[in-house]
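Here's the structure we're looking at; comments come further down.
Position 1 is the first residue of the sequence; numbering continues from there.
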Amino acid sequence: MGNLCCCVQVDQSTVAIREQFGKFDSVLQPGCHCLPWIFGKRVVGHLTLRLQQLDVRCETKTKDNVFVTVVASIQYRPLAGKESDAYYKLTNTRSQIQAYVFDVIRASVPKLNLDDAFVQKNDIAKAVEDELEKAMSAYGFEIVQTLIVDIEPDAHVKQAMNEINAAARMRVAANEKAEAEKIVQIKRAEGEAEAKYLSGLGIARQRQAIVDGLRDSVLGFAVNVPGTTAKDVMDMVLITQYFDTMKEIGASSKSSAVFIPHGPGAVRDIATQIRDGLLQGQSASDN
């Protein structure tokens, strides 16, 4: 109806391409325009000025022969003042951009190892953007931004990479666990050594106290009972300790019966045996 009235409406963020008798005439900006069709003028198409995005998936391989799928997002729009070039010079803009992306990615990624490709994806995106900017500006398009949004290795390669990472982490964990066990064992050994040292000190002090007590008992008995010798007192002390030991053995719940000789002669033999044992021990320690 607008064409019959010689008027045409162009929406916002859009331009219209007007021809006269099949030849390009002008670019119509957003708004209402007079279109005298009787003079051969007509609108042959519209061109959006909005930012457009094209996602390109390109399969290639890295320097270490790993096949990957690189996903690139290209953001582009027509250049101001070159709307006619953007409309007329390319039949399929998206296919043209895709071809340039394929060319650059397949020339850049094979120079890198897989790990480097992940690290240097911004460099790959920059190379794609520079190449597209030079090529597409001649056709009236501006490349606003190029992003490498994903690098997808083969599923088996991805699984292998995860296993390598897991193995490395397990190795670190094993080292840490072994180091912790080593510290525990060292601390336990230090504790046992300290305990034995303190136990030895206690036994030595106990024996020293026993010796001091026996000496005091012998000296006190010899003073209070005239005519006794140190040997007599020592025999009496040994016999007393012997019977105290027998008493403790009999009082123990784990012992059932202990057979010992009885009588005055037996007591004398016991004293002699104890004395001889002490003297032998003393001579062995002196040697």
Worked check of side-chain contact (heavy atoms from CB on, under 4.5 Å) between Glu142 and Ser137: CA-CA 6 Å; Glu142 173 190 8; Ser137 60; over 6 Å; no

Donor-acceptor under 3.5 Å (Asn113 side chain, Asp115 main chain):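 No, Asn113 side chain to Asp115 backbone: no donor-acceptor pair under 3.5 Å.
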
For [range], pull every pair meeting salt bridge (charged side-chain N to carboxylate O under 4.0 Å, His left out), keeping only residues two or more places apart or in separate chains.
range: residues 57-66; result: Arg57-Glu152
range: residues 119-137; result: Lys126-Asp130, Glu131-Lys134
range: residues 9-34; result: Arg18-Asp25

[atom1] of [X] to [atom2] of [Y]: how many Å apart, nearest 0.5 Å?
X: Asp85; Y: Lys89; atom1: CG; atom2: NZ; answer: 4.0 Å
X: Gln145; Y: Ile74; atom1: CD; atom2: CD1; answer: 9.5 Å
X: Ile97; Y: Leu54; atom1: CD1; atom2: CG; answer: 6.0 Å
X: Leu28; Y: Ser26; atom1: CG; atom2: OG; answer: 4.5 Å
X: Ile124; Y: Asp116; atom1: CD1; atom2: CG; answer: 9.5 Å
X: Leu201; Y: Arg205; atom1: CG; atom2: CZ; answer: 5.5 Å

Pairs satisfying side-chain hydrogen bond (donor to acceptor under 3.5 Å, both in side chains), at least one member in residues 169-192, at least two apart: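 Qualifying pairs: Asn165-Arg169.
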
Neighbour count above 12 (heavy atom, 6.0 Å) for Tyr197 OH: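 Open: at most 12 neighbouring heavy atoms sit under 6.0 Å from OH of Tyr197.
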
Residue Phe39 excluded, over 12 heavy atoms near CZ under 6.0 Å: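 Open.
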
Can you list the residues that meet the salt bridge (Lys or Arg N to Asp or Glu O under 4.0 Å) rule with [X], with sequence neighbours excluded?
X: Arg42; value: none
X: Lys111; value: none
X: Glu83; value: none

Residue list, ring pair (Phe, Tyr, Trp, His ring centres under 6.0 Å) with Tyr76, at least two apart or on another chain: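 Testing Tyr76 for ring pair (Phe, Tyr, Trp, His ring centres under 6.0 Å), a comparison that skips the adjacent residues, returns Phe141.
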
Side chain to side chain, [X] and [Y], heavy atoms closer than 4.5 Å:
X: His33; Y: Cys7; value: no
X: Pro78; Y: Tyr139; value: no
X: Pro110; Y: Thr60; value: yes
X: Val70; Y: Val68; value: yes

Residue pair [X] / [Y]: nearest heavy atoms and the distance that separates them:
X: Pro153; Y: Leu114; result: CG-CD1, 4.3 Å
X: Pro30; Y: Thr14; result: CG-O, 3.3 Å
X: Val10; Y: Ala16; result: CG2-CB, 3.7 Å
X: Gln53; Y: Gln75; result: OE1-NE2, 3.2 Å

Residues that Ser73 engages under side-chain hydrogen bond (donor to acceptor under 3.5 Å, both in side chains), provided they are two or more places apart: Asp55

Remaining members of [X]'s ILVMFWY cluster at a side-chain heavy-atom cut-off under 4.5 Å?
X: Val27; value: Val15, Ile17, Phe24, Val44, Leu47, Leu49, Tyr87, Tyr88
X: Val144; value: Leu51
X: Val71; value: Leu147, Val149

Common cluster, Met136/Phe102, ILVMFWY with side-chain heavy-atom separation under 4.5 Å: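 Yes, it is one cluster - the side chains of Met136 and Phe102 are joined through contacts under 4.5 Å.
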
Leu198 vs Glu194, side-chain contact (heavy atoms from CB on, under 4.5 Å): CA-CA, chis, key distance, verdict: CA-CA 6 Å; Leu198 295 177; Glu194 185 68 18; 4.1 Å; yes

